[in-house]
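Data block below; observations after.
In what follows, chains carry the letters A, B, and so on, assigned in the order in which the sequence lines appear, proteins first and then strands, with residues in each chain numbered from 1. What you are looking at is a predicted structure, and each value in this text was computed from that prediction instead of being measured.
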Amino acid sequence: MEYEPKKIEPRWQEYWEKNKVYRSEEATGRPKYYVLDMFPYPSGAGLHVGHPLGYIASDIVSRYHRHKGFNVLHPMGFDAFGLPAEQYAIQTGRHPAQTTHENITRFIGQLKKLGMDYDWDRMVVTSDPQYYKWTQWLFIQLFHHWYDRKAQRARPIRELEEIFRRQGNFGYHEQLLTGNLEGIEPIFSGREWENFSSLTRASILMNYRLAYQSYAYVNWCEALGTVLANDEVKDGVSERGGHPVERRLMRQWFLRITEYADRLYDDLDALDWPESMKEMQRHWIGRSRGLLLRFPLNKQKEEAIEVFTTRPDTVFGVTFLTLAPENHLWKKITPPAYYPQVEAYCTKAIQKSERERQAEVRQVNGVFTGAFALHPFTGEAIPVWVSEYVLGGYGTGAVMGVPAHDSRDFRFARHYGLPIRQVVMPPDSAENQELTTAYEEKMGTLINSEFINGLDVLQAIEAVIREAERRGVGQQKTNYRLRDANFSRQRYWGEPFPIYYDQDGVAHTLPEDQLPLLLPPLDDFRPTGRPEGPLGKLKEWVHPAPGIRRETDTMPGFAGSSWYFFRYMDPKNQKAFAGREALEYWRQVDLYIGGTEHAVGHLLYARFFTKFLYDIGLSPVNEPFKKLLNQGMILGRSNFVYRLKESNTYVSKNLAPQYDHIRLHVDVNLVHNDVLDIEAFRKAVPDAATAEFILEDGQYICGWEVEKMSKSRLNVVNPDDVIEQYSADTLRMYEMFLGPLEQSKPWSTSGIEGIYRYLKRVAAITEKVDRSKSAPDEKENIILHKTIKAITKDLEQYSFNTCVSHLMIGLNQFYELETLHPDTLATYCVLLSPFAPHLAEEIWHYLGREGSVTHAPWPIYREEWTRDAITPYPVAINGKTRFSLELPADMSPEEVERTVLAHPMAKRWLQDRQPRKVIVVKGRIVNIVV
RNA sequence: GCCCGGGUGGUGGAACGGUAGACACGCAGGACUUAAAAUCCUGUGGCCCACAAGGCCGUACGGGUUCAAAUCCCGUUCCGGGCACCA
């Protein structure tokens, strides 16, 4: 058989689609397996060669599980709301719905050409009203629930109202995070609650809802005209577009993810995820245990500055306190003489953009308030400062300055001449040595510290916490770096909030039977620059009835992507986000494949949503993704040409150093194995049409370098082109052959020939099939069963690159045989089918098999055919391999030792020396020690 | 600065502590062909030796553990990723 991918690939793709070969259904009695890809954002650029890496891997796993008899769910969809489509709309005036639809169509076409086994009937698109109806529904559920810390789960807000009515809020009032600011609700009794106005009640309840509205400092991006979540900001600029981000106090919707911090942290342990990924989440959550300590402002102890510290042991080393500029306490304590300077400092610091603040990280600045607080243990007066190195959004927005044991405090104290008091002695250090830097290790012995003198750090921490609690000046507390998720965007292309406000400005959710609240048509997408998004321009939509105003914010990108894995289970359900039966059947994603860039954003939000749905009894699981695999990035492999300065002459790479030249990127599609196709180059680059070329060995050799894939570097490779030139099966196998899945690697087409040749050889080996053969002979069986064993083992370990090698080795060995029994090749086809499904299907049918190869059972190897009767024994003298012997595999170690020592080569190496020890590792190696 | 990964031929990469370099690319030589492409065969880590036989050196660097180390431990260095005033 000749390999004709252009003919067979479309043919089988059509066959699979027509016969619904990959359809998934619930409750078939077979075990289920749910394998998922991180769904793409359908960008205008289409798929590039890096995208499919993870998709191919999941496709292989999916197909493998089908062969093993699992009922597989392997869906695909699109994360279709988001900024790029809207930015494009602003530039071109084309509606995002339209461009998004076009892009999706293109993506689907590209994915289908890759021969993926997706069940397209289950496709979800987050911008589809039938989908976002349920995103809105979910938001409504979050709005109507609060988090009961005692029960550690979400409960209906009605139950909280009941509690308030009966007993007031005592015990439910502490440290609620609202926006970025933590606060304590004033305590009220049940009777007081009954007497509150409905407005007051609504605003109190708002502080408890899991989806709530609050004023908070947010990341405002002027250029994009919207706020951004913390994980959408990198290095003080927006992740998309790199625009500056400033801090602004705005009224926003938030999701109270912080209530789930402990569970999100603790439940990581049980997940089968890469350790690095779990670490990133742990860092992001940033749980730390410490002491909340009060420094009274006067002897009456009516008011105090509260600080949070993870180093209570250093409390006797405190020489100053520092407030964040956002902490309004300074207004209360600053004496009039100091007020103007302090006010000026705070105003300036707060207005600084994220970027400015980051740029000044190493610089020290601050201002003395003129006020003093009292040390809770010694009663000493401690000066209070304000400095922007203290963050308003973390802890209490105030720290105790211990310059001897904190490098920031040390820098600050040095700069402003504040005393430095050492209280921890490092192990093995001499006393009275002046500190030149802060000693921050949690190791050593306490000195100058009253009741904790002589204790080690860890003991001292516990002792101080106990003593602070006993004296009533503080209590143990766990703090989190994690902030509540900003859920508002002042943009058009996102889910509208199912929220309206009454005359009093109280927020109400739409009745569920009015969902979806459709995104209204609009043709001017430009941001307003005001807190109100583009939807605010639609006066009639915003005010559908007198006294009623709709929310004009829309939801962020992660709204739809945080729960899509549930929708795949039951994508057409009109009555629920997914039906009970489907949820119970598919439960959770068994394998999730995607990039590390979603480590904290998407994966954390998805876990949060799942836990919430679990709490309210809708999800049977409380973690969405059982196992997670990261695919590495596919990097570009750029090529370069060298043009002489001031001349239209290009010089080959190795001759370039002899000339004065400049290096230029050249389109990698004009280069093969680093040799420039000069004719193509002349045609593609107008300036080069008449250029001269200085060659080496008759060729123009290009330089190369690994860089990120990007248009400007001319190193983008489109999968369509690769499929056109070779085939989908080639691309699939080649991407797997490139190396371990999780490793980043450069894309280069050199090497792809090997895969293409292999596939041609697979097709050609059909010529060796002998249908008159009564049964496979032993040689066939040994090759086949070794291959089955190796591939099965490697697949179980997701080692796809070595699978491809083993397929090649098996084929090479088959070529050494005269004939093959049809069964042998059919079985080999099954092994091949996850990797090259089109060719496998073609040969399967060529051999006259019924139905799709997809449904063929995975072969089981027979152990006795995976072992050779004779095995090589390398013999080493003192660990150095000197010669090798072929011996029966089942020979006893004693006999091996005798045979080896009797061998003339052994005699030669030993000469007259007596072996001190002989180590025989059965079936492996012999080592003679002299 | 801190926390994770990772350094193996010209290239991508293999290697339960057990013959380092599987498999593939590239390259060289050969066969087929008028020729090219395609295909097939042989060789291919470095050094020494005319060849062979054989030997020596080799998994970033320096030590260690072990009969045996790319693999385990300690230190150094370089590259990639994440976090970065989180008290």
Quick one: look up who B/U34 pairs with, Watson-Crick or G-U, both distances under 3.5 Å, and put none if it's unpaired.
none
Tell me yes or no: between the side chains of A/Asn365 and A/Tyr345, is some donor less than 3.5 Å from an acceptor?
yes
Watson-Crick or G-U wobble mate for B/C85, both contacts under 3.5 Å:
none
Does A/Tyr389 have a side-chain nitrogen or oxygen under 4.0 Å from the phosphate oxygens OP1 or OP2 of B/A87?
no
Are A/Arg282 and A/Glu279 within salt-bridge range, i.e. N to O under 4.0 Å?
yes
Give one of base, sugar-phosphate or nothing for A/Asp409, where a contact means two heavy atoms less than 4.0 Å apart.
nothing
Toward the 5' end of RNA chain B, which comes first, A/Met905 or A/Glu279, by nearest nucleotide?
A/Glu279
Please check the phosphate of B/G10 (OP1 and OP2 only) for any side-chain N or O of A/Lys653 closer than 4.0 Å.
no
Does A/Ser288 place a side-chain N or O at less than 4.0 Å from the phosphate oxygens OP1/OP2 of B/A87?
yes
Sort me out a list of protein N/O and nucleotides 35-45 of chain B N/O pairs below 3.5 Å, or just none if empty.
{"from": "B/A38", "atom 1": "O3'", "to": "A/Lys760", "atom 2": "NZ", "distance (Å)": "3.3"}
{"from": "B/U39", "atom 1": "OP1", "to": "A/Lys760", "atom 2": "NZ", "distance (Å)": "3.3"}
{"from": "B/C40", "atom 1": "OP1", "to": "A/Arg761", "atom 2": "NH1", "distance (Å)": "2.9"}

Below 30° counts as parallel, above 60° as perpendicular, anything between as tilted: where do the rings of A/His598 and A/His602 land?
perpendicular
Taking atom P in both B/C27 and B/U11, compute the distance separating them and give it to the nearest angstrom.
15 Å
Mind checking the P distance from B/U65 to B/G55? Whole angstroms is fine.
28 Å
How about A/Lys6: does its NZ atom have over 12 heavy atoms from other parts shown lying under 6.0 Å from it?
yes
State whether A/Arg481 places a side-chain N or O below 4.0 Å from either non-bridging phosphate oxygen (OP1 or OP2) of B/C83.
no
Going by the glycosidic torsion and a 90 degree boundary from 0, is the base of B/G17 oriented syn or anti?
anti
Would you say the side-chain atoms of A/Tyr758 and A/Thr730 include a donor-acceptor pair closer than 3.5 Å?
no
Determine, for nucleotides 12-20 of chain B in 5'-to-3' order, which nucleotides have protein heavy atoms under 4.0 Å from the base (write B), from only the sugar-phosphate (write S), or from neither (write -).
BSS-B-BBS
May I ask which nucleotide in the shown strands pairs with B/C16, Watson-Crick or G-U wobble, both distances under 3.5 Å?
none
With rounding to whole Å, what would you report as the distance between B/U33 and B/A70 at their P atoms?
49 Å
Is it true that the side chains of A/Tyr798 and A/Glu742 contain a donor and an acceptor less than 3.5 Å apart?
no
Which nucleotide, in any strand shown, forms a Watson-Crick or G-U wobble pair with B/C27, with both distances under 3.5 Å?
B/G43
With rounding to whole Å, what would you report as the distance between B/G30 and B/A20 at their C1' atoms?
30 Å
Roughly how far apart, to the nearest Å, are B/G45 and B/A28 at atom C1'?
16 Å
Pick the P atom in B/A38 and in B/C23, then give their distance to the nearest Å.
22 Å
Evaluate the criterion side-chain contact (heavy atoms from CB on, under 4.5 Å) for residue pair A/Phe320 and A/Phe412; output intermediate values, then yes/no.
CA-CA 10 Å; A/Phe320 59 96; A/Phe412 196 78; 3.6 Å; yes
On a whole-Å scale, what distance lies between the P atoms belonging to B/G18 and B/U77?
30 Å
At 4.0 Å (heavy atoms only), tell me whether A/Val399 reaches a base, stays on the sugar-phosphate, or touches nothing.
base
Which part of the nucleic acid, if any, lies within reach of A/Ile809 when heavy atoms closer than 4.0 Å are counted: base, sugar-phosphate only, or nothing?
sugar-phosphate
Using the C1' atom as the reference point in each nucleotide, state the distance between B/C57 and B/G5 in Å, no decimals.
30 Å
Could you tell me how the ring of A/Phe883 sits relative to the ring of A/His903: parallel (under 30°), tilted (30 to 60°) or perpendicular (over 60°)?
parallel
On RNA chain B, more 5' by nearest nucleotide between A/Phe308 and A/Arg882 is A/Arg882
Hey, is CD on A/Glu818 packed in by over 12 heavy atoms from elsewhere, all under 6.0 Å?
no
If you measure from the Lys or Arg side-chain nitrogens to the Asp or Glu carboxylate oxygens, is any gap between A/Lys786 and A/Asp868 under 4.0 Å?
yes
Is the shortest side-chain N/O distance from A/Asn630 to OP1 or OP2 of B/G5 below 4.0 Å?
no
Give a yes or no on whether the ring-centroid distance for A/Tyr756 and A/Tyr734 is below 6.0 angstrom.
no
